[in-house]
Colleague: 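Input: one structure, supplied below.
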Amino acid sequence: MGSFDSLVQAFFSVGEVQQPLWGGVILALTGGIYVALSRLVFHRLADVPGPKLAALSDWYVAYWNVVKDGQFVHHLAELHRVYGPVVRIGPNKLHFADQAAFDTIYRDPRLPKEPWYYNAFSVTESSFGASDIQAAKHHGNLVRGFFSRKNVLQLEDVIQDVIDRFVLVLATKAHTHDVIDFHRAFASITMEVITTYCFDKNFNTVSYPDFAHPAMIGFHQSNSALVAMRHIPFLRPILFNMPTWLTRRLSPGAMGRINFIKAVDAQISGILEDGSTLDRAEHEIIYHHLLNPKNEGENLSRKSLRDHAMSLVIGGTETVANTCVMATYHVLANSRIKERLKAELVEAWPDVDAAPVNLERLEKLPYLTAVIKESLRKSHGVVYPAPRVVKEATHVGGMLVPENTVVGMSQTFVHLNPDVFPNPDKFDPDRWLFDDVRTLDNNLVPFSKGPRSCLGINLAWAELYLILGNVFRKVDLELAGTKESDLDFNAYFIVKYRGRTMAKVLGVQGAGRG
Ligand code: HEM
């Protein structure tokens with residue numbers, strides 16, 4: 001009897017404890033049903049086709065980006081096959097696969113960058129990171145002149161000097177036919193170019209053993225961490241405030257990046273404390289522009305100076321390197337392309353020991369130009385659909401998109417459109433060699449379009465001509481086990497090739513000039 005009593009008591013006491021619990025469960029369920037109905041049934045995007053899970057939650061995209069490690073862009077191709085040219089990819093987000101939509105999204109100056117997406121780069125006070133249209137314009141105007149065609153031509157020697165030093169390093173590897181990782185090699189060149197061009201600071205990335213400078217590796221590895229931090233924001237303060245000893249143990253790459261940022265900070269401190277430091281720079285650098293009173297830049301905050309510096313390094317390193325990797329793989333993998341390119345370069349630059357041919361001469365070489373364009377097309381530039389916010393109802397790709405919707409379109413949908421680029425998966429420089437390639441040129445959008453397109457486009461083109469022109473004229477490389485599938489990529493913001501890109505250095509000519 002006693003045990004029956006205690007059983008009854010236990011039942012009721014459990015009930016008392018669980019009452020608030022049940023209340024919570026019921027409240028959560030009601031809330032969940034309310035959110036689900038408001039997103040699936042009553043939402044202004046409810047009629048747009050797409051997976052129901054994506055309409056319910058942004059975790060759908062997070063799953064493909066984080067758990068599936070940068071596969072969302074590939075998954076988008078499948079979604080468009082199933083749902084058509086407009087797909088709802090989030091409660092409030094649309095993705096388009098339509099050339100006209102691309103033009104509107106990126107050319108219309110009223111569509112700012114989506115703050116949630118861009119804040120994760122932690123460079124909010126720079127031209128790249130600012131979402132607000134006026135702020136972005138102001139930041140962009142401060143540095144635009146520094147990357148103008150005229151300025152790039154004036155600083156051409158800065159780029160050539162880095163390449164000369166790189167070729168000298170390769171010459172030391174040619175005797176022993178060393179194998180190099182050519183992604184790292186190109187990223188070492190491009191990082192050295194951007195740091196010498198912008199800061200007159202030489203980090204010697206091209207002469208670092210195995211082209212594995214910790215800062216360059218650190219930036220490379222941070223691509224995937226950035227994606228995770230965006231979708232799981234509480235990771236950010238944890239990772240950023242970790243004690244140095246723990247960071248060093250968990251991620252040596254992160255230390256390389258941290259030390260690089262410290263060096264940039266130290267330069268900024270030096271300039272702010274003693275303005276005459278700028279007079280001693282070997283050439284014009286980015287701070288001449290950022291701190292120039294004529295540019296209304298003299299009152300920039302310290303954070304803004306640093307944000308500008310970091311965004312230029314981030315924007316200018318892997319992008320150019322990825323294009324060089326695409327070119328190098330296909331030139332080496334196809335003897336017909338290699339011989340034709342080499343013949344053109346030898347004709348333009350017969351004596352390889354003489355002074356290098358300059359940028360303006362290289363730009364006139366049709367086959368080199370075709371190889372570069374095809375490499376830009378196949379490496380895409382920014383591969384993730386850069387998100388923009390529709391602030392007032394706007395027609396995009398034939399659809400009236402309601403205000404406050406986030407829209408985007410990955411450049412892959414332009415570059416792999418078979419109606420414009422037949423057999424789009426093939427690397428085919430010949431497609432650029434016809435008299436009228438205006439349609440192709442209009443559909444080559446690695447630098448995006450419109451007011452927020454690439455600020456470094458002139459520098460990027462100059463680097464591509466000078467790096468590839470010099471490397472294929474002077475260096476004899478052979479692929480070392482790398483296959484086309486090694487260029488399959490994870491799509492973070494830019495592409496990250498999945499395989500190692502290795503080549504043997506068979507010989508080097510004309511390394512003496514450096
Ligand atoms: C092949 C090389 C390059 C490609 C394909 C490329 C591509 C792009 C693209 C697609 C954007 C727009 C991004 C967005 O909408 O969020 C962009 C922006 C930008 N890029 Fe590049 N880029 C390259 C090289 C460079 C270089 C060398 C620099 C260095 C100066 C640079 C600096 C920037 C900056 C500062 C922005 C932000 C512009 C703004 O929003 O105002 N890029 N780039």
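Whatever order the structure lists them in is the order used to number ligands and atoms, beginning at 1.
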Colleague: Would His139 count as a contact of ligand 1 if the rule is a heavy atom under 4.0 Å away?
Modeller: no
Colleague: Do the rings of Phe447 and Trp461 sit parallel, tilted or perpendicular, given the 30° and 60° boundaries?
Modeller: tilted
Colleague: Looking only at protein heavy atoms, which one is nearest to atom 29 (C) of ligand 1, and how far off is it?
Modeller: Ile194 CD1, 3.6 Å
Colleague: Any ion pair linking Asp486 and Lys483 (charged N to carboxylate O, less than 4.0 Å)?
Modeller: yes
Colleague: Atom 9 (C) of ligand 1: which protein heavy atom is closest, and how many Å away?
Modeller: Val382 CG2, 3.7 Å
Colleague: Checking a contact table here: which protein heavy atom is nearest atom 16 (O) of ligand 1, and how many Å away?
Modeller: Tyr118 OH, 2.5 Å
Colleague: Need the ligand 1 atom indices (1-based, order shown) with element for anything under 4.0 Å from a heavy-atom of Ala386.
Modeller: 15 (O)
Colleague: Could you tell me, atom by atom, which parts of ligand 1 come under 4.0 Å of a heavy atom of Gln411?
Modeller: 10 (C)
Colleague: Centre-to-centre under 6.0 Å for His231 and Trp116, is that the case here?
Modeller: yes
Colleague: Note the single closest protein heavy atom to atom 27 (C) of ligand 1, along with its residue, its atom name and the distance in Å.
Modeller: Gly316 CA, 3.5 Å
Colleague: Within a distance under 4.0 Å of any heavy atom of Thr323, pick out the atoms of ligand 1 and give their elements.
Modeller: 1 (C)
Colleague: If you measure from each heavy atom of Trp461 to ligand 1, is any distance below 4.0 Å?
Modeller: no
Colleague: Pairing donors with acceptors under 3.5 angstrom, does anything connect the side chains of Glu284 and His289?
Modeller: yes
Colleague: Between Trp432 and Tyr367, is there a side-chain heavy-atom distance shorter than 4.5 Å?
Modeller: no
Colleague: Any chance the side chains of Tyr287 and Thr277 put a donor and an acceptor closer than 3.5 Å?
Modeller: no
Colleague: Show me which atoms of ligand 1 lie under 4.0 Å from any heavy atom of Phe128.
Modeller: 16 (O), 37 (C), 40 (O)
Colleague: Can a side-chain donor-acceptor contact be found between Glu363 and Thr369 if the only test is distance below 3.5 angstrom?
Modeller: no
Colleague: Is a donor from one side chain sitting under 3.5 angstrom from an acceptor on the other, for Asn470 and Gln160?
Modeller: yes
Colleague: Would you tell me which option among Ile105, Ile314, Leu455, Asn458 has the nearest heavy-atom contact to atom 34 (C) of ligand 1?
Modeller: Leu455
Colleague: Considering non-hydrogen atoms of the protein only, which is the closest contact for atom 13 (C) of ligand 1, and what is the distance?
Modeller: Phe493 CZ, 4.1 Å
Colleague: Taking CG in Asp210 as the centre, count heavy atoms belonging to other residues, nucleotides or ligands within less than 6.0 Å. Is the count above 12?
Modeller: no
Colleague: Strictly under 4.0 Å, does any heavy atom of His380 approach an atom of ligand 1?
Modeller: no
Colleague: Can you report which non-hydrogen protein atom sits closest to atom 25 (C) of ligand 1, along with the distance?
Modeller: Gly315 O, 3.3 Å
Colleague: Please classify the Arg388 to ligand 1 contact at 4.0 Å (heavy-atom distances, strictly less than): side chain, backbone, both or neither.
Modeller: side chain
Colleague: Identify the closest protein heavy atom to atom 39 (C) of ligand 1: which residue and atom is it, and at what distance?
Modeller: Ser127 O, 3.5 Å
Colleague: Under 4.0 Å from ligand 1, counting heavy atoms only, is it the side chain of Ser453, its backbone, both or neither?
Modeller: backbone
Colleague: Evaluating non-hydrogen atoms only, which member of Tyr117, Phe147, Phe121 is closest to atom 30 (C) of ligand 1?
Modeller: Phe147
Colleague: With a cut-off of 4.0 Å, which atoms of ligand 1 are near a heavy atom of Ser448?
Modeller: 10 (C)
Colleague: Is it true that Asn358 and Arg361 share a donor-acceptor pair across their side chains at a distance under 3.5 Å?
Modeller: no
Colleague: Would you mind telling me if ligand 1 is within reach of the side chain of Thr190, the backbone, both or neither, using heavy atoms under 4.0 Å?
Modeller: neither
Colleague: Heavy-atom distance to atom 22 (N) of ligand 1: which of Gly381, Gly456, Cys454 wins?
Modeller: Cys454
Colleague: Assess whether salt bridge (charged side-chain N to carboxylate O under 4.0 Å, His left out) is satisfied between Lys496 and Glu318, documenting all intermediate values.
Modeller: CA-CA 9 Å; Lys496 177 170 174 265; Glu318 297 257 345; over 6 Å; no
Colleague: Do Phe203 and Tyr208 have ring centres separated by under 6.0 Å?
Modeller: no
Colleague: Check this for me: does any side-chain nitrogen of one of Lys93 and Glu114 sit under 4.0 Å from a carboxylate oxygen of the other?
Modeller: yes
Colleague: At what distance is the nearest protein heavy atom to atom 12 (C) of ligand 1, and which residue and atom is it?
Modeller: Arg452 O, 3.5 Å
Colleague: Just to be sure I'm reading this right: ignoring hydrogens, which of Ala460, Pro446, Pro385, Ser126 gets closest to atom 7 (C) of ligand 1? Compare them by their nearest heavy atoms.
Modeller: Pro446
Colleague: With distance as the sole criterion, is a donor-acceptor pair present between the side chains of Asp58 and Tyr60 under 3.5 Å?
Modeller: no
Colleague: Can you list the atoms of ligand 1 that are under 4.0 Å from a heavy atom of Leu312?
Modeller: 30 (C), 35 (C)
